[in-house]
J.: 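Have a look at the structure that comes next, please.
Note that the structure is predicted; figures quoted are calculated from it, not measured. Below, chain A is the first sequence line, B the second, and so on; all start at residue 1.
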Number of protein chains: 2
Amino acid sequence: MSSTVTRSRIVEVADRLFYQHGYLHTSFADIAAAVGLSRGNFYYHFKSKDAILDAVLESRVDATRRTLRDWETSNDSPADRIMRFVEIVVTNGADIRRHGCPVGTLTTELAKLDHALHDRARELFTLFRTWLRDQFVLLGHAGQADELAMHVLTFSQGVAVLSNAFRDEAYVSREVDRMRDWLSTYTR
Amino acid sequence: MSSTVTRSRIVEVADRLFYQHGYLHTSFADIAAAVGLSRGNFYYHFKSKDAILDAVLESRVDATRRTLRDWETSNDSPADRIMRFVEIVVTNGADIRRHGCPVGTLTTELAKLDHALHDRARELFTLFRTWLRDQFVLLGHAGQADELAMHVLTFSQGVAVLSNAFRDEAYVSREVDRMRDWLSTYTR
DNA sequence: GTCTATAGTAGGATAGAC
DNA sequence: GTCTATCCTACTATAGAC
């Protein structure tokens with residue numbers, strides 16, 4: 001198989017396993033087995049575990065940029081776009097209940113490990129933060145746009161942690177409703 | 001040294017290391033070195049790493065119960081008590097920026113590991129949840145007390161994750177102010 | 001580009017002397 | 001109750017054949 005195809009399959013599988021079981025708890029053998037490669041062959045594609053993490057982060061950054069661009073080019077109003085973000089906790093509800101937020105849990109784990117790539121993981125948060133800020137600017141709240149963006153992120157991370165802890169779907173819906181009400185006070 | 005003293009020192013040190021570096025990333029050797037014990041002697045006190053985690057969780061549950069009881073017996077109003085909880089993210093701000101919320105990060109990690117003690121870790125959340133619910137009942141909101149308690153927990157977990165990711169003290173203060181305003185609408 | 005074989009290390013856990 | 005010595009396993013990583 002071509003090198004690039006195998007490489008992208010490794011990244012895809014590693015991304016999923018890092019999310020489901022954590023970075024530290026995912027071994028080379030786990031990834032190799034899931035891809036269907038021998039451990040030895042692995043190092044032809046990636047020379048270290050950190051190199052895989054780096055590639056996974058790059059892949060996630062690209063995917064996030066694409067998603068945000070899609071939302072941007074839709075005909076939704078800024079408020080609707082923000083709600084699209086808010087509703088991720090419902091859209092991806094099952095995954096989040098089981099494994100938490102992909103961005104939040106990875107960033108938290110890398111912070112504990114004092115990992116050099118913590119900064120790159122945080123970049124994912126920054127992408128959403130900047131995008132949300134832009135929406136609040138469009139809503140006419142330029143002065144406090146960043147603060148409001150951070151408040152929306154706070155919501156999403158809080159809900160992710162607690163829905164993961166309690167596995168309670170109804171709780172998530174209630175918090176989303178609460179967020180919708182809150183957002184409506186900033187919409188005209 | 002007496003067995004019980006050594007044991008409690010192990011629990012104390014393990015608690016701190018699990019918080020700072022995560023459960024998986026903390027080895028027996030790390031704990032032994034920090035306590036000043038040989039690895040071998042370790043197994044006289046705890047027969048497995050899970051046994052230490054279990055003892056750490058028990059210790060945290062006890063400490064949490066004590067804290068909540070203290071807050072309960074103070075002369076604060078229910079609203080002031082809730083604000084005491086809210087302000088933990090400021091009171092313990094430095095630790096949370098560096099290592100996140102002790103309860104949230106441990107629960108998240110144990111969920112990823114599919115660890116049997118995940119339920120015991122969640123119990124810590126439940127202690128706060130129940131206590132907060134009681135305060136909202138006292139405020140005259142029995143009908144939605146649990147929902148409001150979960151909303152306060154959502155706040156604290158969201159702030160913990162993002163303050164850990166961005167290390168931004170001012171952001172935390174703004175979110176606490178926002179929470180104070182929100183709470184005032186439930187106070188008479 | 002993929003494999004097997006293997007080196008080297010760290011971590012969890014045990015045995016037995018003191 | 002504490003130590004040293006040791007076993008076993010899992011993991012990261014490399015070497016070299018095909």
J.: Which of these, A:T105, A:N164, A:T26, sits in a side chain to side chain donor-acceptor pair (under 3.5 Å) with B:K112?
T.: A:T105
J.: In terms of ring plane angle, is the pair B:Y186 and B:H141 parallel, tilted or perpendicular, where the classes change at 30° and 60°?
T.: perpendicular
J.: Show me the donor-acceptor pairs within less than 3.5 Å that the side chains of residues 92-102 of chain B make with the rest of the protein, sequence neighbours left out.
T.:
from  : atom 1 : to    : atom 2 : distance (Å)
B:H99 : ND1    : B:Q20 : O      : 3.4

J.: Calculate the interatomic distance between A:H25 atom NE2 and C:dG11 atom C1'; express it in whole Å.
T.: 14 Å
J.: How about A:S38 and A:N41: does a side-chain donor come under 3.5 Å of a side-chain acceptor?
T.: no
J.: Both conditions, 6.0 Å and 45 degrees, for the charged tip of A:K49 above the ring of A:Y23: are they met here?
T.: yes
J.: In residues 111-119 of chain B, which ones come under 4.0 Å of DNA chain C, going by heavy atoms?
T.: none
J.: Check the phosphate of D:dT2 against B:T6, side-chain N and O only, distance under 4.0 Å to OP1 or OP2. Yes or no?
T.: yes
J.: Rounded to whole Å, how long is the line connecting atom CD1 of B:I31 with atom C1' of D:dT2?
T.: 18 Å
J.: Judged by modelled atom types alone, do B:S48 and B:Y43 share a side-chain donor-acceptor pair under 3.5 Å?
T.: no
J.: B:W182 vs B:F136 aromatic rings, parallel, tilted or perpendicular, using cut-offs 30° and 60°?
T.: perpendicular
J.: What's the CZ-P distance between A:F28 and C:dT2, to the nearest Å?
T.: 16 Å
J.: Both conditions, 6.0 Å and 45 degrees, for the charged tip of B:R7 above the ring of B:Y44: are they met here?
T.: no
J.: What are the residues of residues 32-55 of chain A, sorted by number, that bring a heavy atom to within less than 4.0 Å of DNA chain C?
T.: A:L37, A:S38, A:G40, A:N41, A:Y44, A:H45
